[in-house]
Amino acid sequence: MYIEDVHKYVGQEVIIAGWLYNKRSSGKIHFLLVRDGTNIIQCVVVKNECPEEVFNAYDDLTQESSIIVKGIVKEDKRSPLGYELLLTDLRIVHQAQDYPITKKEHGIDFLLDHRHLWLRSRRPFAVMRIRHEVIAAIRDFFNERGFVLIDTPIFTPTSVEGTTTLFETEYFGQKAYLTQSGQLYAEAAALAFGKVYCFGPTFRAEKSKTRRHLTEFWMVEPEVAYFDLDDDMKLAEEFVSYIVQRVLENRKMELEILERDTRHLERVSPPFPRITYDEAVDILRKNGVDFRWGDDFGGTDETIISNQFDRPVIVHRYPAEIKAFYMKRDPENEKLALAMDVLAPEGYGEIIGGSQREDDYDTLVKRLEEHQLPREPFEWYLDLRRYGSVPHAGFGLGIERTIAWICGLQHVRETIPFPRTIYRLNP
RNA sequence: UCCGGCGUAGCUCAAUGGUAGAGCGGGUGGCUGUUAACCACUAGGUUGCAGGUUCGAGUCCUGCCGCCGGAGCCA
């Protein structure tokens, strides 16, 4: 029996295998908080109402000792869960010694050094279960719409965008890099399967030190043949809304543990406001930002823009110069790229970046030259424009930033079980 | 890489340049409904490292190391 099902067993004797989360006592009555991974339940041990060795086992119980308890399920308002277990038996499987994470506050550095243990605590419990829900929602969303999952390689011969710093590895005598995006491969798959998505880890070797950055993070990237930028934006807003609504429906308890104010999340439904880059620049200038047309938005700029709206906002048609070589230009203005970003509310910044892709062979060759990228490693990519090229579009959603936003967390490092940052490779 | 901040008990933090302390955790004892339980007692320290100033440095100065936050870049 797992604690999450305890309401089905009121009045019955059940067995729970778990760990001691905390204990309290008033002398002749002990309270054990036992967790089993699905929740925490209070167990009551009363002197003279259970075998003496069960009552006395309390003295040997240390925080995070593994225990198997047997008891009668009772409904009781005084218990944090609303249900508690009146113990009849208790077996210590392993006695933990000096568990380092205590009941009082800890610093983030200490907690991350003990991440393997910190995962047992209440807060990571809630965050990881929401992460699970987000990922399940992502897969369901694409499955329901007939997308095919295409796993893209993690070892790649070259950089996708040419600008970002990548992790370099030795690959049987030649250089290889850890992927920074599965997009180019997803494009190939889209021309084979129509609607596809890839979902995997992504690596950036940039020495970013902000609450929005990890060196290893997860990204989901749909790519659809015959999609234009408008189709892309529509898919993005439906996608984000679907994820948020699923978490609201299925992870109420977890959001409560995190004390997340869900009012912002409840408003997340299509359509999202859509503004052009030019309109976003106007917003910044009206708010006193000395912004130069042609620059990309910084973290504070994104916060100012997103604060104008009550749900995520889509900014589209960015200056082509600050965007990647593969993005198609706006036929009505060659200076602009058919690109779009989704900015999350409450200052969580960019969670989606996407675009319609350049599908014309000659134009794409020109773009490679403009970006001073080598032709040879992109020959296969150019093939996609040689054989049955079609308009197509896609985007990438950063999982950790999305989770940080939904959970209301200060830093993305809490959204992944074992975060990798510039100065952290352990545990 | 740049800018700012921090480093004191296992943990979270105090300590005018003048005897290094509290809470939690550990140990001992008490308590029949606790909610990070509470109460009493107790053990626990090379103040990140190396120099310097001073009668005297946790505190001031220099260098180094580690971490945190921000910027740039990005999801």
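Letters A, B, ... mirror the listed sequences (proteins, then strands); counts begin at 1. Atoms considered below: every heavy atom in the structure, side chains included; atoms not considered: hydrogens, waters and symmetry mates.
Without hydrogens or angle criteria, A:R311 side chain to A:S269 main chain gives a donor-acceptor distance under 3.5 Å.
As judged by a 4.0 angstrom heavy-atom cut-off over every strand, A:E49 is placed among residues making no nucleic acid contact.
A side-chain donor from one of A:D36 and A:T38 sits under 3.5 Å from a side-chain acceptor of the other. In this model, a donor atom of one side chain and an acceptor atom of the other lie less than 3.5 Å apart for A:Y242 and A:E144.
Residue A:R413 places at least one side-chain N or O closer than 4.0 Å to OP1 or OP2 of B:G69.
To the nearest angstrom, P of B:G70 lies 6 Å from NE2 of A:H411. Put simply, CH2 on A:W405 is 14 Å from C1' on B:A75, counting in whole angstrom units. A:K28 places its NZ atom 11 Å from the P atom of B:G33, with the value rounded to the nearest Å. In this structure, the CZ atom of A:F167 is 19 Å from the P atom of B:C73, given to the nearest Å.
Between B:C38 and B:U53, the two P atoms lie 49 Å apart (nearest whole Å).
Remark: the A:Q410 side chain and the B:G69 base include no donor-acceptor N/O pair separated by less than 3.5 Å. One N or O donor and one acceptor, one from the side chain of A:R401 and one from the base of B:C74, sit under 3.5 Å apart. Put simply, the side chain of A:H106 and the base of B:C11 share no donor and acceptor less than 3.5 Å apart.
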